[in-house]
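One structure is given below, encoded as structure tokens.
Everything quoted here is computed from the prediction, not taken from an experiment. A note on names: the letters A, B, ... follow the listed sequences, proteins ahead of strands, and every chain is numbered from 1.
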Amino acid sequence: MNLILIFVGGVLVNNFVMNRFMGICPFLGVSKKTETAFGMGMAVTFVITLASVITYFVRQLLVSLDIAYMQTLAFILVIAVLVQVVELVLRKLSYALYQALGVYLPLITTNCAVLGATILNVDNGYNLVQSAVNGFGASIGFTLAIVLFSGIREKMELSDLPEWMKGFPGALIGAGLMAVAFSGFKGLI
Amino acid sequence: MDFRQILIAAGMIGGMGLVFGAVLAIVGRIFRTEDDPRKEQVRALLPGANCGGCGYPGCDAYAEAILKGEATVDKCPVGGDSVMRAIAEVMGVTASAKDRKVATVRCRGSLDRCNLRFDYDGPKDCKSASLAGAGDKACEYSCLGFGDCESACPFDAIHVTDGRLAVVDDKKCVGCGVCLTACPRGVLQLMTYSHPVHSACSAHLSGKVVRDACKAGCIGCGKCQRACKFDALKLINNLPEIDFDKCKACMQCVDNCPTGAIMAFNEMRRHAMIHYPDCTGCGDCQKVCKFEAIRGEGDAHRSIIEWNCVGCGECAEVCPHNCIEMRPGGVFRK
């Protein structure tokens with residue numbers, strides 16, 4: 001029951017993009033097309049979920065050595081390596097997606113959503129399974145937000161916006177409205 | 001502060017780095033992808049000036065575009081023919097010869113020809129000057145001569161003279177077109193180097209206005225249009241427009257221009273010469289000559305009246321015995 005709560009909390013209630021305002025960079029950068037947005041979501045999901053698991057062990061190691069204050073540095077190291085792995089794998093398996101994600105793929109390294117998820121695991125004192133579920137939920141939340149948002153942006157491309165609203169102004173207002181909508185999940189748990 | 005703690009922290013992070021590095025190396029080995037080796041080759045062939053003359057942001061991007069098949073191999077203005085052929089060989093495509101383009105200043109309004117309307121005291125660059133009442137030169141189409149093009153040119157091929165007029169060194173110019181975007185007036189244009197004549201004035205104004213502003217401007221008198229016997233030159237919006245498919249390089253437009261607003265590529269001037277032994281006196285050349293430059297009657301040899309011959313080459317084309325040769329150099333009338 002607890003795990004389901006953590007998952008739903010990560011996806012909807014405490015949505016990383018809409019509620020915690022983390023990972024805004026790829027959220028705006030890669031949300032022009034649903035296809036690439038989904039790809040980005042999957043890449044982030046992979047990185048966050050694995051990072052949650054690995055950082056749990058790293059954290060244990062750091063605590064046992066009494067150097068827990070190094071966790072941010074160590075976590076970034078873990079995330080950077082994971083992103084590199086994702087990049088290598090994507091390049092081999094789906095060159096088109098690799099091209100479409102472009103610079104935003106290596107930018108996952110410094111994506112605060114990833115580091116945020118791992119540090120929140122620590123702050124909330126989650127155990128291994130809870131960490132994994134929380135990371136997975138958070139990244140599914142990110143994917144949900146970015147895919148929904150890219151759908152909105154695709155529609156907006158076709159709609160008759162005034163010149164000064166085309167592109168990012170309209171997208172940012174759309175993102176704001178989406179955040180308002182997501183705040184409706186407050187109090188769900 | 002325990003010194004050991006620092007060592008532990010450093011060793012821990014360093015050790016993690018090592019382990020992760022090893023993991024990355026293994027993954028990199030498993031998922032190795034190879035770049036197209038031709039990319040390196042194409043990139044090595046390109047000059048590396050990164051001027052953007054091809055329309056791509058630098059030589060790397062152009063090489064990539066060639067590999068993807070988005071770009072043709074003839075886009076590099078710097079490398080020219082030799083580079084184009086070398087790349088074509090790497091890519092296994094055939095390349096066709098391309099006309100060499102050079103930047104041309106369509107203005108002759110140096111300070112001794114073009115008047116000044118006011119004393120301009122602002123920043124010494126063309127963009128600022130063009131904003132201040134459309135520049136201080138009396139002609140609003142003129143070259144402002146503060147050298148925006150000179151500083152933009154990556155090849156040191158364009159310089160401003162003392163008379164505040166940009167002049168292109170056509171030996172150095174590679175036709176990348178950087179100066180065209182730097183010029184706020186649009187007096188720079190890319191012209192095919194091998195075209196025999198080009199219009200050297202951009203002023204669309206009426207004759208009187210141009211004349212008052214500049215001694216060298218095109219006054220739209222139309223003498224060039226009348227002088228052109230091949231219907232290749234039309235006066236449109238007070239400026240000559242030349243159809244180079246029809247132009248025969250007779251240079252009559254240039255020689256008849258009262259202000260010198262059409263320039264000739266003088267190395268392309270020619271004159272006809274008849275080789276007598278082959279001439280049968282058929283008179284075909286005489287019929288086709290529009291300049292009364294061939295004399296002779298009956299079956300006698302024809303000969304060229306050199307001061308009338310403009311080197312259009314019509315006679316050489318129709319001669320059934322190939323006895324007329326077009327020789328370089330012509331009679332200069334002006």
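Contact of B:M12 with chain A is made through the side chain alone, with heavy-atom distances under 4.5 Å. Within the 4.5 angstrom heavy-atom criterion, no atom of A:L82 approaches chain B.
The line from CD1 of A:I67 to CD1 of B:I6 is 11.5 Å long, rounded to the nearest 0.5 Å. The structure places CD of A:E87 at 10.5 Å from CG of B:L24, a figure rounded to the nearest 0.5 Å. Rounding to the nearest 0.5 Å places CD1 of A:I79 at 10.5 Å from CZ of B:F20. In this structure, CG on A:L77 lies 6.5 Å from CD1 on B:I13, to the nearest 0.5 angstrom.
Counting non-hydrogen atoms of other residues, nucleotides and ligands closer than 6.0 Å to CZ of A:F38 gives a total of 12 or fewer. Sparse packing is recorded around CD of B:E89, with 12 or fewer heavy atoms of other residues, nucleotides or ligands lying under 6.0 Å away. Heavy atoms from other residues, nucleotides or ligands lying under 6.0 Å from CG of A:N127 number more than 12. Atom NZ of A:K186 is surrounded by 12 or fewer heavy atoms from other residues, nucleotides or ligands within 6.0 Å. The 12-atom threshold is not exceeded at CG of A:D66, counting heavy atoms of other residues, nucleotides or ligands nearer than 6.0 Å.
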Notebook entry, point to check: Between A:V78 and B:M16, is a side chain to side chain contact (heavy atoms under 4.5 Å, CB included) present by the stated rule, with each step listed?
Noted result: CA-CA 8 Å; A:V78 171; B:M16 274 175 67; 4.0 Å; yes
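Minimum interatomic distance between B:F31 and A:L88 (heavy atoms only, all atoms of both residues): CB-O, 4.0 Å. In plain terms, the two heavy atoms of A:Y69 and B:Q5 that are nearest each other are OH-O, 4.5 Å.
Looking at heavy atoms from C-beta onward, A:Q84 lies out of side-chain contact with B:V27 at the 4.5 angstrom threshold.
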